[in-house]
Each structure stands twice: as structure tokens, then as C-alpha cells.
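First the structure, in the form of C-alpha cells, and then the observations on it.
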Number of protein chains: 2
Amino acid sequence: MVNLTWEDQEEKAMASRRNTTPIRDAIDRAVLEALDADSRMTILAISHRTGLARGTVQARLERYERENALRDHSVRIDPTALGLGISAHVAAELDQHRIDVAVEGLRAIPEIVECLAPAGETDLLCRVVARDPDDLYRVSEEIRLCPGILRTRTSMFLRQPIPYRMNQLLATITD
Amino acid sequence: MVNLTWEDQEEKAMASRRNTTPIRDAIDRAVLEALDADSRMTILAISHRTGLARGTVQARLERYERENALRDHSVRIDPTALGLGISAHVAAELDQHRIDVAVEGLRAIPEIVECLAPAGETDLLCRVVARDPDDLYRVSEEIRLCPGILRTRTSMFLRQPIPYRMNQLLATITD
DNA sequence: CATCAGCTAGTCAAACTGATCAGAGTAAGA
DNA sequence: TCTTACTCTGATCAGTTTGACTAGCTGATG
């Protein structure tokens, strides 16, 4: 399964030459809305929900897989269920010569669920989860002690007025 | 089958409430690691991958469902596949008397995939996606024009040194 | 107008699910 | 030590779903 067949490569090349996004029409919207509601829904269930033929749904799912329209890691687990009830941002200021070293160090901290590099004064922005405020302090200390990190600024999230969502965005696909 | 008395039921309820987190042991870790790798994996596939009996996996999945250990909306769709290649934070300063109105307005903007309320100087922090820098400007304008919003500060993400991940966290479950 | 890609609607064998059950191991309490 | 309550295992069974086919239809394109 390692090597791509010639046909696969050709298809990918064609797709990129056509400069289209893998997801474009009303069928994609319907299928993905179903998947967004429950990613474990069976093909047949999606077919019933959307009113599409089973083969169509099956073909689309295969296409998404082929074109990597779906993330490798599906984020279905609620950190709260792991006992990690609070989340926060830790903004880090770096020694600009040691960015890679710093990222390497951060990668080893499990509580960092994501790390972003924004334009602006902050060098790295880490999204972290923790058991409680005390635990959050521990995590932010761990971050501060990573090599190449000069200073950190932690800010806890009090509420999540809009939880992560994809459905509004999917609804905008009109074809 | 003997009927449970009210006391029995109460005791059971107490016991389940005493349970700290729905996810705790090595079995949970294995099952969830499999789900994290591919949330559409069949029960049988998870059973093979983890070496657990099929019934065990089935029982755990039912429990997760019952105890809401999994998020309602699974985030499997890559915004890039929708043609939304850039993401950013828009920090908003609010008229403190009209927070609810502001959130209501933000909810109507599809490009806002998440909105957080951090402790500190920023009132609301919106995670947004957009087609290109020009599109990002449009979205941040839309946010700025929401009722109750006084000022915004947009910062684009240049890189994502650590993409959203759950696996490191799952690996810490030791039982 | 002929071609072609993509959706629909069938079929079939193979795989999977949900619901059982009995048996075994284990932890907690009497 | 002997229950009792749990839970994981391994098994079966009927019903469902999948993957891989088929053929027919339609709209877009050259």
C-alpha cells in the first residue's frame, strides 16, 4: 500500500491542475454534514439521511480518503472525559535562534494539544488542557522551562461561547 | 430478572457519580487511540488492533456514548479541503453590557469555527478560517461590525508547529 | 451527435453488528 | 474465607452492512 500507482499520481496531478477543492457540491455538503453530526454513521445511514444512492455515498467517501479531505486524526474525544476540565492558551516568547529546539521540547508535553505560530508579537501560541488551575500552573511552568523559551503568558478560558463547529461552514456550500 | 429496589438504583447512581472520569484504564486508552487514528474504524477492526475481545470494545463504545465521553461533533473535515487555506485569531473587545448580543451576532458568521472567552484583557477570542488574506480581512470586518463589539485585533497563523493532537494525552493514561 | 463522467438502482458473497449466553478472573465486603 | 458484584472473554445467531460488481440514465463537452 506504500507506492502510489501511476493512475493515482495522474489523478492527483489532474486534480491540482484543475485547481478545484476536493469538496464542492451539494452532495459533498450533505455527506459531510452527516459525517460532522456523527463520524461513525454507516454508509447506508448516510445514504438514507441524505437521500443519495448508497453507491454515491460510498464513492464520495473513497474520494475524500484519496484526496485527504478528512483529517488524519479525528478529534472525537472530550478532554473533560479524561479529567482535564480546563483549557488555556500559553503564549511563548522565544529565542529566535532556537525555534526548532523549542518546538521539539513542546512536542514532548502531552497537555499541549496544539501549537500555532501567529504573525505578531507572540512567537508561539500553545493550546493546553489541564486538570485544575494548579495543574495548569504546572504545565505552564513546564513550557517555560523548555529550551529556547524566554517568557510565557498564560490565559485560562472561562467559557466557550461557540464550541468548535463545522456545520455553519458546510451550510455555505451552495454548488 | 429481579427488579432493583429504589435503594439499589440510588446506590448505583451514587457509584457512577463517584467515578471520577469516564475514561480511566488501559482498555480505554487502547480503544480511544484506535478511534483517534480513525474514527470510522469498525468495532471488529478496533478489536483486532487492540487485541481485546469484540464484546469488550462494543461495551466500551456504548459506555462512551452513554457518558458523553465523545464530542457531539467530530471534527474530521479539513477546512483546506473547503478551499479555506488560512486561519487566524480575531480578538474582540466588547461593550460589557451587550456580550450576549455580540455572541449571537458572531454565531451567524460561518467562518468563525470557535469562540472562546479568556481571562484577561481580551473579551472574546474567535478562531476563524478564510480563503485568502483578502477574505480574512472581510471576515474580520464582519466581526468588527457585530453589535456590541468595540474593537478587534486580527492575527493570522503562519504555521502550525504542532497540529491538533490527542494521542500524546491518551498515552499518559496508565491505569 | 457521440462521448464520457457521474448518479441511480440493482445484485451477490463476505464481513460486520447487536444481542445473547456461559465461563473465568478479580476486587470488596461479610 | 466465602460470597457477591463486576467485567472481560469467547462463542453463537439472525439480521444488517459493505465492497465489488452490473446496467441504465442524464447532463456537460467537444
Side-chain angles (χ1 to χ4, degrees), chain A residues 1 5 7-8 10-35 37-67 69-70 76 173-175, chain B residues 1-35 37-67 69-70 76 81 173-175:
Chain A
M1 275 277 278
T5 67
E7 284 82 357
D8 286 338
E10 180 66 6
E11 191 160 3
K12 280 202 143 183
M14 288 289 285
S16 79
R17 234 175 286 135
R18 249 182 279 123
N19 193 26
T20 55
T21 57
I23 295 167
R24 33 195 140 73
D25 61 14
I27 293 178
D28 288 318
R29 196 195 64 221
V31 172
L32 288 171
E33 267 173 1
L35 270 191
D38 176 7
S39 71
R40 289 187 61 76
M41 197 176 283
T42 65
I43 293 178
L44 214 45
I46 298 172
S47 160
H48 289 146
R49 180 188 165 118
T50 58
L52 295 163
R54 186 179 72 100
T56 306
V57 176
Q58 196 169 335
R60 293 290 172 136
L61 291 186
E62 279 163 12
R63 183 158 69 74
Y64 301 153
E65 196 72 30
R66 208 171 51 238
E67 299 180 359
L70 307 181
R76 299 202 79 223
I173 303 176
T174 46
D175 189 14
Chain B
M1 182 55 129
V2 183
N3 288 322
L4 293 177
T5 65
W6 185 86
E7 285 77 11
D8 287 338
Q9 293 184 35
E10 180 65 7
E11 190 162 3
K12 280 201 136 184
M14 287 291 285
S16 86
R17 236 174 283 137
R18 241 180 285 122
N19 269 340
T20 50
T21 59
I23 295 167
R24 34 195 139 70
D25 62 15
I27 293 178
D28 288 319
R29 197 197 61 222
V31 172
L32 288 171
E33 267 173 2
L35 270 191
D38 177 6
S39 72
R40 288 186 62 76
M41 197 176 282
T42 65
I43 292 178
L44 213 46
I46 299 172
S47 160
H48 289 146
R49 181 189 164 117
T50 58
L52 295 163
R54 187 178 70 101
T56 305
V57 176
Q58 196 169 330
R60 293 290 171 137
L61 290 186
E62 278 163 12
R63 183 158 69 73
Y64 302 153
E65 196 70 30
R66 211 172 45 240
E67 298 180 0
L70 307 181
R76 298 203 79 222
I173 302 176
T174 47
D175 190 14

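Below, read A as the first sequence line, B as the second, and so on, with proteins coming before strands; counting in each chain starts at 1.
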If only atom types and distance count, is the side chain of [X] paired as donor or acceptor with the main-chain N or O of [Y] below 3.5 Å?
X	Y	answer
A/Thr50	A/Ile46	yes
A/Arg54	A/Ala45	no
B/Arg63	B/Ala69	no
A/Arg60	A/Val31	no

Interatomic distance, [X] [atom1] vs [N] [atom2] [rounded to whole Å]:
X	N	atom1	atom2	value
B/Ile27	D/dC6	CD1	C1'	12 Å
B/Gln58	D/dT9	CD	C1'	13 Å
B/Ile43	D/dT18	CD1	C1'	15 Å
A/Glu62	D/dC21	CD	C1'	13 Å
B/Asp25	D/dT7	CG	P	11 Å
A/Arg54	D/dT17	CZ	C1'	7 Å
B/Leu44	D/dG19	CG	P	13 Å
A/His48	D/dT17	NE2	P	7 Å

First and last nucleotide of DNA chain C, 5' to 3', lying under 4.0 Å from heavy atoms of chain A: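 Reading along DNA chain C, I get C/dC7 to C/dT11.
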Ion pair B/Asp38/B/Arg49, N-O distance below 4.0 Å: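 No.
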Sugar-phosphate, base or nothing in reach of A/Thr56, heavy atoms under 4.0 Å: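 Since a base atom lies under 4.0 Å of A/Thr56, the category is base.
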Side-chain touch A/Ile43/A/Leu61, heavy atoms, less than 4.5 angstrom: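 Counting from C-beta outward, A/Ile43 and A/Leu61 do come under 4.5 Å.
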Selected nucleotide, minimal atom distance to A/Thr42 side chain, candidates D/dC8, D/dT9, D/dT18: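 Selected nucleotide (nearest to the side chain): D/dT18.
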